[in-house]
Amino acid sequence: MRILVLAKHVPDTTEIRFSPTGELMVRQAPTKVNDYDRHALEEASRLRESGAEVVIASVGPPEAAKTMKEALAYGADRAVLAGGAWVADADPEAMAEVLAAIARREGPFDLVLAGDVSEDGYNALVPGLLAAKLGTPYVRGATALGVGGASVKVTRLVGDVEEEVEVALPAVISVTRLLNSPRVISTMAVMKVPMSKVETVDLAELGLDPAAFAPGALSTRVSAVRPVQSKRGNEMLRGEPAEIAAELAAKLRGMGVL
Amino acid sequence: MDLAVVVSEAGADAGAGVTLARKVASRVEHLVIALPGGERGASPAADARYVVELGEDAAPEDLAAVVSAFAESHGAQLVLLAAQPIFREALPLLSVSLGAAAVTDATDLASGADGLVATRMLYGGSALAEVAIQRPRAVVSHAFGGVPADSTAEAEPVEPTAPSGVRKVLSRRRLPSEASLKGARRIVSFGRGVRSKEDMAMITSLAKALDAELGCSRPIVEDMRWLGSDHQVGLTGTTVAPDLYLAVGISGQIQHLVGMRDSKVIVAVNNNPAAPIFEVADIGVVGDLYQVVPSLLEALGAAAG
Amino acid sequence: MPGLPGAFHWLIYVALVVCLVVAAWLFNRRVRAAGVSPAELAHGLRELASKGPGEALAVVGAEVFGQRRVRRRPYAGLMHLLIFGSYGMLTLGTVLIAVQHDFTGRFFGVTFLNGNFYLVEKALLDTAALGLLAGVGMAAWRRLAIRPVTLGARPTVVVAYAALAVMAATGLLLEAMRELAYPVSWSHWTYAGHLVALAITPLVGRLNLGAYQATWVVHVLAAFIFMGGALATALDHVVLVPLNIALQSSRAPGELRLPFNLAELLESGGDLEGVSSGFANPSELDWKRRFMLASCVNCGRCEEVCPANAAGRPLSPRKLVQALKGDLLSPSDGAGDLFARGVLDTDAVWSCLSCGACARECPAFIDQPGTIVEMRRHLVEEGNVDEAKALVLAQLERNQNPLGLPSYQRFARLAEAGVPTIEENPGAEYLYWVGCMSSYDQRAWGVASAVISLLRLAGVNFAVLGESERCLGECQRKLGDEAGFQMRSMEIAETLRSHGVTKIVTHCPHCLVTLGRDYRSLDMEFQVVHHSELVQSLLAQGRLPTPKSWEGGKLTYHDPCNLGRLSGVFDAPRGLAASVAGESFVELERSREKSFCCGAGGSNYFYKVPAQESVSGLRLAEAQAAGASTVATACPFCLSMLEDAARTAPGGQGPRVADLAELLAEALGLEAAAAP
Ligand SMILES: Cc1cc2nc3c(=O)[nH]c(=O)nc-3n(C[C@H](O)[C@H](O)[C@H](O)COP(=O)(O)OP(=O)(O)OC[C@H]3O[C@@H](n4cnc5c(N)ncnc54)[C@H](O)[C@@H]3O)c2cc1C
Ligand SMILES: Cc1cc2nc3c(=O)[nH]c(=O)nc-3n(C[C@H](O)[C@H](O)[C@H](O)COP(=O)(O)OP(=O)(O)OC[C@H]3O[C@@H](n4cnc5c(N)ncnc54)[C@H](O)[C@@H]3O)c2cc1C
Ligand code: SF4
Ligand code: SF4
């Protein structure tokens, strides 16, 4: 069994802020493996213990090599990191295109595991786009996996309905945090991963045309980023209980949270 | 833009989708996904209304195929999907089969100089990004739940495509709604302001009225032992981020706050105006919970009834 | 010797040699069973000697001859004193006789056991014989009647004590027989023998040489059985414990073993493959730590003082050490680490508060908390920890504080209070290390606010790091992520050095221990003082005024483990408490070295373990029992824990809990530095 795991290098969103002049400050934020992807890595590592080969694929900046070491520490054979100046502007579609090229080059794979969503972009698109490009089935939201023979059974929660579905392999499955509890990766465990396990490739090596990844050629482009006013309203209601209760109910309704 | 197709499930109001699509398209068609023989739901004022029947077991692949064929044959430049899980799963498949750009969780749409621009959250909600669409077609899902519709025009039936058979549904069961704070949309949480176990009933009713899960501060679990630890929010309990977090009689010590500060809307009820919980609240109600909660129940009940 | 053929006399020496050989053989077997080779032991002792044995000797002297820790418990202390002291005196007496008889007397005609010295010696030896009997009696009573769970009456133990008793009794009997055969005028000096003589006078007719010789043989046999057998088996602690004390004597309270120095490891560019910081099984431990585990006498002192045990957590340090020792001596079956094999439960190692109470009591100098941290290190390296702990480690990496709050908010309150950063005030005498608690916790900010006001009033020139301050990782280290901790330490030390920082003041004892002792062990040296020490000296120098009179009722002081027991700071906080509350200051029952943890140590602030009671609740109850209406402390973690306990105290709101700095600032009528 051969497994490809998608692991994304992301900035920690709790450390992202806007400078007093309104600029987005992402650079100094610490980076890490996308939380959802840790669950995919953990699952793959468990499958590896029963003989599977696990390859990690990622698209990211050069610093992502460090993150790959962390991803490898879960227990994987090697990692392929595609990068280049174009990464800064790449959209989910471009990411999926490159990941598909990695999957083809390193493949064939029986199973592709990914996170449901990335913490920074939060698009929840890449795994589905990859599946569509590879022409394989795609199931998202896995809370449990059963890989056997030529198919995979996926348990997942859709609203408050729990369903179990089965799709043929090869397939792309994206997972939730309910899937498992990833092991802790200690500093020492990361240091023990040799850098030689991380292979860095560029578009040409993947047989892709760099022109197709120029900002203007992509399907989308982020044209502006602005802060969300996260300051709480701090609106204080005082007075007659009945009155404030009615006022509160009305406000909540207005906010669309009821 | 000439034509946008808004897709939603029957029963789920599609008002938000149509309103959003109207901002960028001159014609808006509404495609309702309904169960065979099931209700068609209400449509907002769309220019045309279609319905396609898909079985309960219908897979996202089948949905993608139907919508793709519909959008293709009608020549839609924008497909706007509702926020339900099945649409989120179908969206990437749909975008690839239409060769369209894909954007999820849009909070706004606008027509820019070079075409469509969608707004969406980035970085866990700390930033908003404007995403310019650079393809002739786009598949977008929006971030809004049901918004009331205002018309129930007749719908023209659309033939479903043949099931793809890609996935087999082995089982499906509705889960009993146990305390599952993680992922809850609404949480009513209480603390030591509630004086006795009997008084908890009042809080439970409030949670029920709001269709919310029940949370609490640590003393309720560890000192009073009124609830199990799966209800505890905070540093040593669960970290939650619901749409609405209503804190009743909770002082707001940091150990509690770190577990709920990411909630979308925070409301606090406390009789101490200096309680730290008010610092993180969107709306603070200064008052005795023994008066505020019954009144609130009444206010909510009156609206429901 | 009267009445014995000469051959007997020389036989003793033969027997002595045989006995020593047997003892050595048994001892060798003993230590080998624990996986220690005598060569290693010898090497270790030589090494100790070459490094200057002064400290080790002083510690061994105090603990073995002074019985410092053993004495802390009256019954066991007296029993040990009687047995150990008496046996020692008797041995010495016997050696003196042998030396005079077979060496100085025989070859040089010199005798020294004469005159008054001889008489006094005789009297002392009689006393020792009685003492030994009393001691053995106490031991028998303890094992048979009191029966603490930790002690049983194993056959080897019965033989050992019986041998001692027989040795003492027959010694007196021999003395009595001699007196009856050769009456002397000074028999009242050998008062015990004399009494026995009086008692056996009626039997005198039947006393003959044969009876005397038989008694003598029994006496000697008993002595040799004890020396040759018991000391290397049932009572092997007599040998193991002093050796272990010597080997462990240089360990400071609470000091953790450095499995590696990461800086050196990285610099050498060596292969990290085999490197690990903890242990999966006791058999992997180095010989010193195996020897240490083997030295446990199962006395239960650690268990008695352990706050985790008192709160009904699944941890008894005694059982833990015994389980490791048991597994070391005869490993249980099964594969995997000691948790997989069921030697210990992981809950046991996570229950420990790293408070050091056990290690301070342990008469065998066993390092229970350090051993526990080493098992945590193993669990962390294996990735075998639950979500709560994983989250703390992850948040430290991401947000540079264990609470998971944004790193850029760390400076917010300080900035509002107008405290300069070290960049703004490079000439500052002290760097004030604020710590995570006061940077993020509104309540703990009160402590920082008070410290700032006091330092300002006294005109101390200080600054803070501001946003570049980050968690020192004390919790990370206690959770077992040693490499992460060392990595962090190197970076922080670099930041401090880049600002030319040498003197640091902090109000957090956890930071104090880390920046002080722990950094020193990693070859990074800073002078660190606790705010209680600095403020107390400012008061003493008159740079701070004496506070007004106190009307807050009884004030007591809770010694934070990291400040008191682990750093030895006891008097400065008491000085502060006294200057605030004067005569109203009361001590807690468990104070100073004996302090009882608040429940936050060893990273326990951040996760839960199963327990019957809360540690903080037990401690607060003690303060309430002392009638305190205010509990002062000097650690933001203790403050948080005890205040939490006070909020939920049975019978409504408990006493007020505050930091000493807050109380002093209040007594001086200082405004908060700046309410954020
Ligand atoms: C400064 C900035 C500029 C940006 N500009 C644009 C832009 O111009 N246009 C635009 O559309 N987006 C832009 N983005 C968003 C960013 O490109 C997306 O994060 C990325 O395209 C992937 O989408 P996602 O992270 O939301 O993935 P999701 O679809 O949410 O990810 C789901 C899963 O897919 C896998 N995955 C996703 N991406 C990768 C990857 N790179 N490597 C390995 N596995 C992966 C992971 O398993 C992940 O859990 C920008 C982001 C930033 C920070
Ligand atoms: C290591 C550690 C970990 C912790 N982990 C957690 C955790 O995970 N989760 C957690 O919640 N706590 C945790 N705590 C405890 C935390 O510090 C607080 O003690 C706790 O959150 C307080 O709970 P509370 O707000 O219910 O009680 P209180 O602080 O006693 O607050 C009760 C509030 O109710 C208000 N009130 C009283 N009567 C009324 C009334 N009639 N009407 C309206 N309001 C009223 C009061 O003004 C007050 O603000 C932890 C503490 C420590 C030390
Ligand atoms: S560890 Fe020390 S204190 Fe504890 S039982 Fe063993 S010898 Fe006694
Ligand atoms: S350090 Fe403290 S909590 Fe840990 S075992 Fe020793 S006494 Fe118990």
Side-chain angles (χ1 to χ4, degrees), chain A residues 11 13-14 16-17 24 92-93 119-125 128-129 131-133 137-141 153 158-167 216 218-228 230 232-238 241-242 244-246 248-249 251-253 255-258, chain B residues 85-86 88-89 91-93 95-97 101-105 117 121-135 145 166-175 177 186 210 243-244 264-267 278-288 291-292 295-296 298-300 303:
Chain A
T13 51
T14 60
I16 291 172
R17 59 173 153 159
L24 185 62
E93 207 270 327
E119 288 168 71
D120 57 344
Y122 221 81
N123 289 296
L125 278 174
L129 293 171
K133 285 172 194 288
Y138 167 56
V139 184
R140 74 187 288 253
K153 289 182 186 157
V158 184
D160 56 355
V161 174
E162 187 183 72
E163 71 172 22
E164 194 185 10
V165 301
E166 182 173 17
V167 293
L218 301 173
S219 68
T220 61
R221 185 173 46 84
V222 172
S223 48
V225 176
R226 59 174 193 269
V228 170
S230 63
R232 295 286 172 179
N234 289 348
E235 188 181 347
M236 301 296 266
L237 305 182
R238 296 164 207 256
I244 37 182
L248 176 62
K251 279 197 191 308
L252 293 179
R253 226 169 267 128
M255 291 169 147
V257 291
L258 285 194
Chain B
I86 187 168
R88 291 288 246 111
E89 192 157 8
L91 193 148
L93 313 182
S95 78
V96 171
S97 79
V103 176
T104 52
D105 293 331
V117 177
M121 300 258 203
L122 208 59
Y123 301 126
S126 50
L128 283 173
E130 280 170 19
V131 181
I133 309 293
Q134 309 191 123
R135 293 276 181 276
V166 167
R167 68 178 76 195
K168 252 198 313 216
V169 176
L170 303 177
S171 69
R172 201 171 250 169
R173 70 192 175 97
R174 203 161 285 276
L175 295 180
S177 40
R186 283 180 287 273
L210 287 167
D243 292 345
L244 172 64
K264 213 181 259 166
V265 174
I266 297 175
V267 179
F278 287 133
E279 281 172 33
V280 302
D282 295 291
I283 306 179
V285 177
V286 185
D288 181 355
Q291 297 178 340
V292 175
S295 309
L296 188 56
E298 222 160 86
L300 292 166

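Note on naming: letters A, B, ... go to the chains in the order of the sequence lines (proteins, then strands), and numbering restarts at 1 for each one.
A salt bridge links Arg226(A) with Glu130(B): the closest approach of a Lys/Arg side-chain nitrogen to an acidic carboxylate oxygen falls below 4.0 angstrom.
With a 4.5 angstrom heavy-atom cutoff, Leu24(A) touches chain B only via side-chain atoms. With a threshold of 4.5 angstrom between heavy atoms, Ile244(A) approaches chain B through side-chain atoms but not through N, CA, C or O. With a threshold of 4.5 angstrom between heavy atoms, Ile266(B) approaches chain A through its backbone and through its side chain. Both the backbone and the side chain of Ile133(B) come within less than 4.5 Å of a heavy atom in chain A. Only the backbone of Ala281(B) has a heavy atom closer than 4.5 Å to any heavy atom of chain A. Residue contact with chain A, scored on non-hydrogen atoms closer than 4.5 Å, involves the side chain of Ser95(B) exclusively. Heavy atoms closer than 4.5 Å to chain B are found in both the backbone and the side chain of Met236(A).
Across Glu163(A), Glu164(A), Lys133(A), Lys153(A), the residue that shares the most heavy-atom pairs under 4.5 angstrom with chain B is Glu164(A). The most heavy-atom pairs under 4.5 Å with chain A, out of Ser171(B), Ser295(B), Ala101(B), come from Ser171(B). The candidate with the highest count of non-hydrogen atom pairs below 4.5 Å against chain B, out of Ala132(A), Ala224(A), Ala124(A), Pro11(A), is Ala224(A). Contact tally against chain B (heavy-atom pairs below 4.5 Å) for Ala131(A), Ala242(A), Gly121(A), Pro137(A): the top residue is Gly121(A). In terms of heavy-atom pairs under 4.5 Å with chain A, the best-connected choice from Val103(B), Val267(B), Leu296(B), Asp105(B) is Leu296(B). Ranked by heavy-atom pairs shorter than 4.5 Å toward chain B, the options Val225(A), Val139(A), Thr220(A), Val167(A) are led by Thr220(A). Options Leu93(B), Val265(B), Val292(B) differ in how many heavy-atom pairs under 4.5 Å they form with chain A, and the most are formed by Val265(B).
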Step by step, work out the side chain to side chain contact (heavy atoms under 4.5 Å, CB included) result for Asp120(A) and Leu122(B).
CA-CA 6 Å; Asp120(A) 57 344; Leu122(B) 208 59; over 6 Å; no
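Note that CG of Leu252(A) is 11.5 Å distant from CG of Asp243(B), once rounded to the nearest 0.5 Å. Going from atom CD1 of Ile283(B) over to atom CG of Leu237(A) covers 6.0 Å, rounded to the nearest 0.5 Å. Taking CE from Met121(B) and CG from Asn123(A), the interatomic distance works out to 13.5 Å, rounded to the nearest 0.5 Å.
Val161(A) approaches Arg172(B) most closely through the heavy-atom pair CG1-CG, 3.2 Å. When all heavy atoms are compared, the tightest approach of Pro241(A) to Gln291(B) is CG-OE1, 3.3 Å.
Residues passing the side chain to side chain donor-acceptor pair (under 3.5 Å) test with Arg238(A), sequence neighbours excluded: none. Under the side chain to side chain donor-acceptor pair (under 3.5 Å) criterion, Arg140(A) pairs with no residue at all, not counting sequence neighbours.
Judged purely by atom type and a 3.5 angstrom limit, Arg186(B) uses its side chain to pair as donor or acceptor with the backbone of Val257(A).
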